[in-house]
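I have placed the structure first, in the form of structure tokens, so that the comments after it can refer back to it.
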There are 4 protein chains.
Amino acid sequence: MKKLSQILNQSPVSEFGFGNTSNGSGQRILNKDGTANIKRIGEPRFNVVNVYHSLITITWTKFIFVVFVFYFFLNLFFSLIYYFLCPDAIAGMMYNSELEKFTEIFFFSSQSLTTVGYGRLNPTGLFASSIAGIESMMGLLGFALATGLLYGRFSRPTAKLLYSENIIIAPYSHPTYSIGTPTALMFRVANARRNQLIEVEALVLFSYNQNVNGVSQRKFANLKLEITKISFLALSWTLVHPINEESPLRNLTEKDFKELDVEFMISLKAIDDTYAQQIYDRNSYFWNELKWGAKFLPMTTKSDDGTTTIDLKKISKIENIEIKNA
Amino acid sequence: MKKLSQILNQSPVSEFGFGNTSNGSGQRILNKDGTANIKRIGEPRFNVVNVYHSLITITWTKFIFVVFVFYFFLNLFFSLIYYFLCPDAIAGMMYNSELEKFTEIFFFSSQSLTTVGYGRLNPTGLFASSIAGIESMMGLLGFALATGLLYGRFSRPTAKLLYSENIIIAPYSHPTYSIGTPTALMFRVANARRNQLIEVEALVLFSYNQNVNGVSQRKFANLKLEITKISFLALSWTLVHPINEESPLRNLTEKDFKELDVEFMISLKAIDDTYAQQIYDRNSYFWNELKWGAKFLPMTTKSDDGTTTIDLKKISKIENIEIKNA
Amino acid sequence: MKKLSQILNQSPVSEFGFGNTSNGSGQRILNKDGTANIKRIGEPRFNVVNVYHSLITITWTKFIFVVFVFYFFLNLFFSLIYYFLCPDAIAGMMYNSELEKFTEIFFFSSQSLTTVGYGRLNPTGLFASSIAGIESMMGLLGFALATGLLYGRFSRPTAKLLYSENIIIAPYSHPTYSIGTPTALMFRVANARRNQLIEVEALVLFSYNQNVNGVSQRKFANLKLEITKISFLALSWTLVHPINEESPLRNLTEKDFKELDVEFMISLKAIDDTYAQQIYDRNSYFWNELKWGAKFLPMTTKSDDGTTTIDLKKISKIENIEIKNA
Amino acid sequence: MKKLSQILNQSPVSEFGFGNTSNGSGQRILNKDGTANIKRIGEPRFNVVNVYHSLITITWTKFIFVVFVFYFFLNLFFSLIYYFLCPDAIAGMMYNSELEKFTEIFFFSSQSLTTVGYGRLNPTGLFASSIAGIESMMGLLGFALATGLLYGRFSRPTAKLLYSENIIIAPYSHPTYSIGTPTALMFRVANARRNQLIEVEALVLFSYNQNVNGVSQRKFANLKLEITKISFLALSWTLVHPINEESPLRNLTEKDFKELDVEFMISLKAIDDTYAQQIYDRNSYFWNELKWGAKFLPMTTKSDDGTTTIDLKKISKIENIEIKNA
């Protein structure tokens, strides 16, 4: 029998872009949203593309808030110009106090910015008319920007995949693997959205700490899946890594997973049929999300008329099941 | 000679993402529009991307209806605010009755929303002016949204492929296949649009019910095509699966297709040359769309000056032809 | 020595999507712009995507004409509604004749459509105000459409490749090909635009008529290139098909090219580095564009300070050169 | 031992699209921004797509300047038409001098172009109203164009990769390479932006002058990397070309790099996870950017709580290190 370190050493270490320094203190490497758990400093300063990136990826609530705040302050900025530099150049104002005057100017500014331009309030003279011209133009450019951002947010290819809460180790039998107590590592995915996902492909990485000459190093190994690609994600897909002779998990006990700080990193790619776009999704299961001895319960039912129904809420439903020693 | 079950068992079952539970009652698995014939429940609730997805994929009639209804109700919503909260803040109204007053307010609201702002009707006072400012802004954002949706609808890569109505089993001879009565499974596709389709690739799946230990299971097998990729879909393309020794259809009779609930699932991909976009199309032929003993009639004619003409209406034109037993 | 028909028969016929019916009367198969020289009838009727496709691919002159005509007639359509159904509901008109009245209404309509809404002309009453509301909204939607079309036109991935006017047969020596008088078929491409083309890949097809049992059939064969992919199209690229033992052109004389109605079909793909988009280009050389015995002159010069200059106008510059018999 | 020329001759010369004429005077082939160091003349004249290309790739400062200048001159152009052809057709003007009259006309034009149309200034008569209608329409089309350009600028897939300032030759040991003094050629990249780069792939080309029959020719060779693809660029990536028996750099001394006018051309491709877009980046190191005998210092630190921090400013930090002769 091979020794654990021999088995674990088989896969090349550095091809996954995470280096080989150990985390040591039990932090995960890949966050649940697929980003790396790494702090970045020394980034190049302000950059238009980074701002666009943020505006595309923030939540809708924040995005709408940003749009309104931006509109309000741009409006206010121009109001202050009119108020302090040419307060009497706005024709048609009706006011009884200085505050009402500013209010009228503020709304003139707003009517210029949105290009609604009712006309009761209108600019006279060279200076106010120039500023109003620039304001209208900036208003249109601002809404051109908003158009681009809205479209960018919508058209961004995003899969919404549902993952089972746990990755499990379940009894498993397959003609070609029949050594000891046959088990397999499994987790389940389904498409949370109504768009069609086709040509779905998966890669599962096994990451763990290893003691090399007294220094704890982070190691990575590829886990071979029984099926790595399906042509259509119509129902759910249970990804299965059989723990056979070749598996780096071959001799690990339940306790080892914690001690080795094990993390399973999932990388999925698919084609979104609606936009014919390639889609990428990442996820990870940390050792405390591993369930030893369980099996997934079915998500589909069939009615009498032959209709198949899938219940997405059952994605994480498991049943405990004992794994006997060989 | 191999037994049917042996032949049918050769291809792996679960790589097509449909599981292996039998339909039993004769419903098809893949709808004619390429979506899966599956009911989904337990979906995550309201989601912006799903709404966008719907607005992109509904018919043009429905889309235009949605836009008008949305515009009308947004308009009405603001009208009610003005009418109940600041009815006299709209300057320039001409009315003789309460209804006419509301009408004037409704049109003021409409003129703000579209930013046409003629100006006869215009807001006065802090409250009405603020609401009008917000309305104009929402109007512009709404049309920004409409711009994105219109572009999204247009630029969505969609092939419109014409398929022959029937999939046929025809006599067929080829030097390399010469056993028994040589036949082949065939269907025909053509490009319904004027854009150029290049690098067209096809995959044909054979799906059927099989009795496994008394339980009816759904099985899938890949059908090998004579040609799986063409570099340019200029005319029509007849896809041919020769029913030879290796074919899972080898020993099936006409009657078997019905009894096994046979379905042929077609997956085509191509590149739309106009937008250089990958395009995906799916279709399926159920057993009742299979024509036993037929051949396709030509779609092209050649005039005296050498011009080739293709008549797309002839895509499904077939001629009955007897298949003799060997 | 193999017979011509044997050599020509080596490549599979039907993988190029053009069928095998002969043109006979000397028309080319692929037009110079890469579209197929085929007439299509029986197309499905009016289709929104076809209209979009046309508006994206017509010339800029035609596109601008279409936009103006569309704007004018939409404007006119609404004018006629106001003029015949509510002529006196437009406030602020100044006119002395019926024609001037219509003119005023026409411009009111125009001011509503563009949402400029000066306000001198403004709608009164339920009917005119409703129509004006719809017109403003349609104006905005129309310009939303124009935005999408403009963006679609600009962002469409299009390579502009320059091809040499002629495809030539030139003397050619290469260590690995040394039979008889070594010649090669060559043509030259360069990038007409300033964007970077990378990973440029080529496929050359040889198409000719062949007499099969007394019927003239169209045959296709792949021509093997010395280099089929370059990683960067910085200068020009001369594509070379060595006419060696394996070439289907092995025994053809100058006269044969005409008699066989020979056409060379070129298919190029590349990545446009600016938008990271795949780009496809097709072209064809008919037998009358073949030059027997010529070589390309260099397009680049080098100044004293080491700067390399490429002159795109020299792409088709050739020099006659005698091909001696072996 | 093989002779240098033999080693250098192994890789095919012309597959990189740069031809084989020598630079001679020590100019680099590929600029640091990934464009070719080549002057182009004879380009086809004015082309809409080239203009779009320029407007997409110029800096933001220039872009905003172009938009304002365009707006100003379009505005001025229409002002001149009104002023000279129908000066009295603009109603509502207030002026005391000819200059003030022109100013009022200029602002009327501006109010039409932005469609703000306050209404104090408004067109009367057939001619002025027509021009104003066209101006409003052009204004909207202009902003439609600006929308497309803004979106085009933002959505353009651009990686911002940080490269180490120098390419270094460092001592290097690896079980499989153990001849002489083992060294390797190395450089380092990191992601300057916050978006996730996945499936990062690299190609490194070695380019040098070689004397062939007395003529200096430019030669190219591929440098084999230890790892050519990583699945996630989370931290930094040090690309390593081991200088072993098979390396074309095998027998080169520090002095040779200068004499051969050596240039290393880097081509990287990756997927930007946010937009699921393929991204291409090129760079080059000229011989004077090569550092003989150095090693990269680490960019990451680990805090006590296990958080990994990467400092992008340290990308070029190296330490001199002696390379002993074998």
- Query: Quick one: what part of C/Ser129 sits under 4.5 Å from any heavy atom of chain B, side chain, backbone, both or neither?
  - Reply: both
- Closest approach of B/Met94 and C/Thr124, non-hydrogen atoms and distance? CE-CG2, 3.3 Å
- Note on the structure: If one checks every heavy atom of C/Ser267 against chain B at 4.5 Å, the contacting part turns out to be neither
- Message: So, taking the atom named OH in B/Tyr151 and the one named CG in C/Leu145, what distance separates them when rounded to the nearest 0.5 Å?
- Response: 12.5 Å
- What option among B/Gln111, B/Glu104, B/Gln196 has the most heavy-atom pairs under 4.5 Å with chain C? B/Gln196
- Task: Please find out if less than 6.0 Å separates the ring center of B/Phe232 from that of C/Tyr280.
- Result: no
- Message: So for atom CD, which belongs to B/Glu165, do other residues, nucleotides or ligands contribute more than 12 heavy atoms lying within a distance under 6.0 Å?
- Response: no
- State, with a plain yes or no, whether a side-chain heavy atom of C/Arg282 is found less than 4.5 Å away from one of B/Ile198. yes
- Note on the structure: Note: B/Thr114 and C/Leu140 closest approach over all heavy atoms is O-CD1, 3.5 Å
- Item | Per-residue contact mode, B/Glu100 against chain C (heavy atom under 4.5 angstrom) | neither
- Once you round to the nearest 0.5 Å, how far does CD1 of C/Ile41 lie from CE of B/Met299? 9.5 Å
- Item | B/Leu150 portion near chain C, given a 4.5 angstrom heavy-atom threshold | side chain
- Task: Apply side-chain contact (heavy atoms from CB on, under 4.5 Å) to B/Val67 and C/Met137, showing your working.
- Result: CA-CA 10 Å; B/Val67 169; C/Met137 195 205 157; 3.4 Å; yes
- Note on the structure: Max heavy-atom pairs within cutoff under 4.5 Å with chain B, candidates C/Ala91, C/Gly148, C/Ser54, goes to C/Gly148
- Correct closest heavy-atom pair for B/Arg120 and C/Pro123 would be NH2-O, 2.8 Å
- Task: Of all the heavy-atom pairs spanning C/Ala144 and B/Thr147, show the shortest one and how long it is.
- Result: CB-OG1, 3.2 Å
- C/Gly152, C/Ala146, C/Gly92: which one forms the most heavy-atom pairs within less than 4.5 Å of chain B? C/Gly152
- Item | Contact origin within B/Ile271 toward chain C - heavy atom pairs under 4.5 Å | side chain
- Task: Give the minimum heavy-atom separation between C/Asn122 and B/Tyr118, together with the two atoms involved.
- Result: CB-CB, 3.8 Å
- Task: Give a yes or no on this: more than 12 heavy atoms of other residues, nucleotides or ligands lie within 6.0 Å of atom NZ of B/Lys295.
- Result: no
- Message: Please report the interatomic distance CZ(B/Phe106) to CG(C/Leu126), rounded to the nearest 0.5 Å.
- Response: 9.0 Å
- Task: Return the option, out of C/Leu141, C/Val116, C/Leu149, with the maximum number of heavy-atom pairs under 4.5 Å with chain B.
- Result: C/Leu141
- Query: If you count the non-hydrogen atoms of other residues, nucleotides and ligands that lie under 6.0 Å from CE in B/Met138, is the total more than 12?
  - Reply: no
- Is it the backbone or the side chain of C/Leu113 that comes under 4.5 Å from a heavy atom of chain B, or both, or neither? neither
- Item | chain B interface, residue from C/Gly139, C/Ser130, C/Ala132, C/Gly125 that has the most non-hydrogen pairs under 4.5 Å | C/Ser130
- Message: Tell me whether B/Phe77 at atom CZ has more than 12 heavy atoms from other residues, nucleotides or ligands lying less than 6.0 Å away.
- Response: no
- Item | Nearest non-hydrogen partners of B/Tyr71 and C/Gly133, listed with the distance | OH-O, 3.1 Å
- Task: State whether the number of non-hydrogen atoms from other residues, nucleotides or ligands found under 6.0 Å of C/Phe127 atom CZ is greater than 12.
- Result: yes
- Item | C/Tyr52 and B/Phe154 aromatic ring geometry - parallel, tilted or perpendicular at 30°/60° bounds | parallel
- What distance separates C/Lys39 NZ from B/Thr300 OG1, expressed to the nearest 0.5 Å? 13.5 Å
- From the list B/Val200, B/Thr115, B/Thr228, B/Asn75, the residue making the most non-hydrogen contacts under 4.5 Å with chain C is B/Thr115
